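Report on one structure; see the data block that follows.
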Amino acid sequence: MQYATSLLPTTSNPVLRWLSNTLYRKNNLFLFLLLTPPLLWFGVVYLGSLFALLWQSFYTFDSFSMSVSNDLTLDNYRALFDATNLDIILRTLSMAITVTLACACIAFPIAYYMTRYGSRAERGFFYIAVMLPMWASYIVKTYAWTVILSQEGILYWGINHLGLSSALNHVLQLPAVGGNTLATSNLGRFMVFTYIWLPFMILPIQAALERVPTNLLQASADLGARPAQTFRKVLFPLVFPGVVAGSIFTFSLTLGDYIIPQLIGPSGLFIGTMVYTMQGSIGNMPLAAAFTVVPIVLIFIYLALAKRAGAFDAL
Amino acid sequence: MVVAVEFSAVSRHYGVGDKVVKAVDDVTISVAEGEFFSMLGPSGSGKTTCLRLIAGFEQPSLGSIKIFGKEAAGTPPYEREVNTVFQDYALFPHMNVLDNVAYGLHVKGVAKPEALKRAEQALEQVALAEYGKRRPGELSGGQRQRVALARALVNQPRVLLLDEPLGALDLKLREQMQLELKTLHKKLGITFIYVTHDQGEALSMSDRVAVFNRGRIEQVDSPRNLYSLPKTSFVADFVGTSNIIGSELAQQITDSNQPFSIRPEHINIYDNQKNVMKVTGEVADIQYHGATSKVEVAVNSQLLAMVLSNTENTEAQLPKIGQKLTLCWPQSRMVML
């Protein structure tokens, strides 16, 4: 047994040794030390600023003096339901919903291929392909899209060469979708939103698909379910939490964005651009704060609906 | 006799060129209706692939598989009259137990009340009637096993495929489930095809056993014949334990270089009997197993194992390590390889 002592880990410093032994014995002390910094950050910086924001949304803005007073009022929330403001909210909400649906429809097949069929190399390729655009600045990508969508851009060039320009004009004349050109249409804005947020949908769906054991799908087939039934009754319910997680990203990121609506698409404010204008150029902080509460409430409603649809049953 | 499942020269290869792996290599078997048929072999021997070929999760590279006379190669799993009990049960985690069991009926368009009624009956059959509302995650391993069984049987398959279904259970539960499976098989009268690497399980439950090794079948026989008349040294070694005597040592013992095998329990300590084979070696190790002790005797450089029951007599005279010992066995117990 001559090796016995030398195999024990040794610390020359008795203080460090006392410290690690104490922390090992007193688990609660260890957890306290572990969690205090992040909880402080969360509590003070995160929730604190959110609370300050909520609080300011009850302040009064005097439109004559253009100044904010501390008198508490519900006027800002009432103002949200003015026709113009409601319009902004509905415009943003409908875009967020369509972008989320489109991202889910595009992301699912890619994620499915990655998990079920891709070889190691293919999977690596897809990971990089999905992640690489996220390395570039989001503003750069958005400006790049203004070039792509412009009338001298590659998209118009391709459409003209395929002889589809009259079809494009028909599409651009549709009321809710169109605009003068692609770059100033809702369609163009929708394309850019979908492009920018797609990775945020692919990755959670892919992670969810990876957690579904293949033999569940085989068991379903074994019990007589056709592929469509297996998808509907087994695969989709099990992946649904991942779809919801991804859609929370795409939905809330679209709701809060203020760059893309400025650069691409028709005129008309989004929630983000409205907050930006109210806070930046007008100085109506209370109304800006009330507007930022809208996405928070919408996300809560969305989560409640998702929960009722059974999104978290499989967790 | 109706043939339930018939393999004719079936092979399943993976990969291409030099790297071809023959998971199943030229296998021909036929399983009769109502038979309890086991496929036994070490891991990677091709037994599970054979089961998956019957279920339809894999398609054969060569050969034909017939299920009740109908060619099955090319048909998907959902068009086959077989059901599988998976190794890790594969219960749907997002459904409760009753919905799991009713699943097969639902997808085949059986009306919901009828499907639930039949699922409840199936759960009763496996003594889990009051567990219908629970999630699979809330059940123990043994209970999940029964749910998986009920979920397969509710579809009234003509062939039930079982892929190492008892592998994850502890010894006592495994023995109990073995008994229940056997009873169930008798009661239902359908064909069971049972994959296992546990030779005890295969021997105690099956009508016939196919022993797999490296994708090929070594022997298909009744458990009794498999044990007492192994045709190859692999079977002799894999089914139970055997002392395989190679030609060199055989020459020394029998004056013939014909290799043979002899079971440890057929070897005795020499006591002047006539008409026996005998050989002398040195005791290398003694292992205590409760009811028996295993004595390993080194002859030349080979270890021969023998088993002594631990009675009062033998325990008093257990050989000691290093002691010279002469072993003997009746000629009739030797199996020529």
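All values below were derived from every heavy atom in this structure, side-chain atoms included, with hydrogens, water molecules and symmetry-related copies excluded. Each chain gets a letter, A, B and so on, in the order the sequences are listed, and its residues count up from 1. Note that the coordinates shown come from a computational prediction; the quantities given were computed from them, not determined experimentally.
Closest approach of L238(A) and H94(B) over heavy atoms only: CD2-ND1, 3.4 Å. Of all non-hydrogen atoms in P93(B) and L216(A), the two that sit nearest each other are CD-CD1, 3.7 Å. Across all their heavy atoms, K233(A) and V107(B) have their closest contact at CD-CG1, 3.9 Å.
Only the side chain of N155(B) comes within less than 4.5 Å of a heavy atom in chain A; its backbone stays farther off. There is no contact between L161(B) and chain A, counting heavy-atom distances below 4.5 Å.
For the set M95(B), Q87(B), R52(B), the entry with the most heavy-atom pairs within less than 4.5 Å of chain A is R52(B). Between chain A and the options N83(B), D88(B), V82(B), heavy-atom pairs under 4.5 Å are most frequent for N83(B).
Scanning residues 68-81 of chain B against chain A with a 4.5 Å non-hydrogen threshold yields P77(B), Y78(B), E79(B), sorted by number. Within residues 33-50 of chain B, no residue has any heavy atom closer than 4.5 Å to a heavy atom of chain A.
For R123(A), the salt bridge (Lys or Arg N to Asp or Glu O under 4.0 Å) partners two or more places apart in sequence, or in a different chain, are E210(A). Partners of Y103(B) under the ring pair (Phe, Tyr, Trp, His ring centres under 6.0 Å) rule, at least two apart in sequence or in another chain, are F92(B).
Within a 6.0 Å radius of NZ in K108(B), more than 12 heavy atoms belonging to other residues, nucleotides or ligands are found. Heavy-atom contacts from other residues, nucleotides or ligands closer than 6.0 Å to CZ of F249(A) number 12 or fewer. Taking a 6.0 Å sphere around CE of M134(A), one finds it holds more than 12 heavy atoms contributed by other residues, nucleotides or ligands. At most 12 non-hydrogen atoms from other residues, nucleotides or ligands lie less than 6.0 angstrom from OH of Y46(A). In this structure, F30(A) places its CZ atom where only 12 or fewer heavy-atom neighbours from other residues, nucleotides or ligands lie under 6.0 Å away.
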field: Derivation and outcome, side-chain contact (heavy atoms from CB on, under 4.5 Å), residues F57(B) and D222(A)
entry: CA-CA 8 Å; F57(B) 307 137; D222(A) 184 76; 3.8 Å; yes
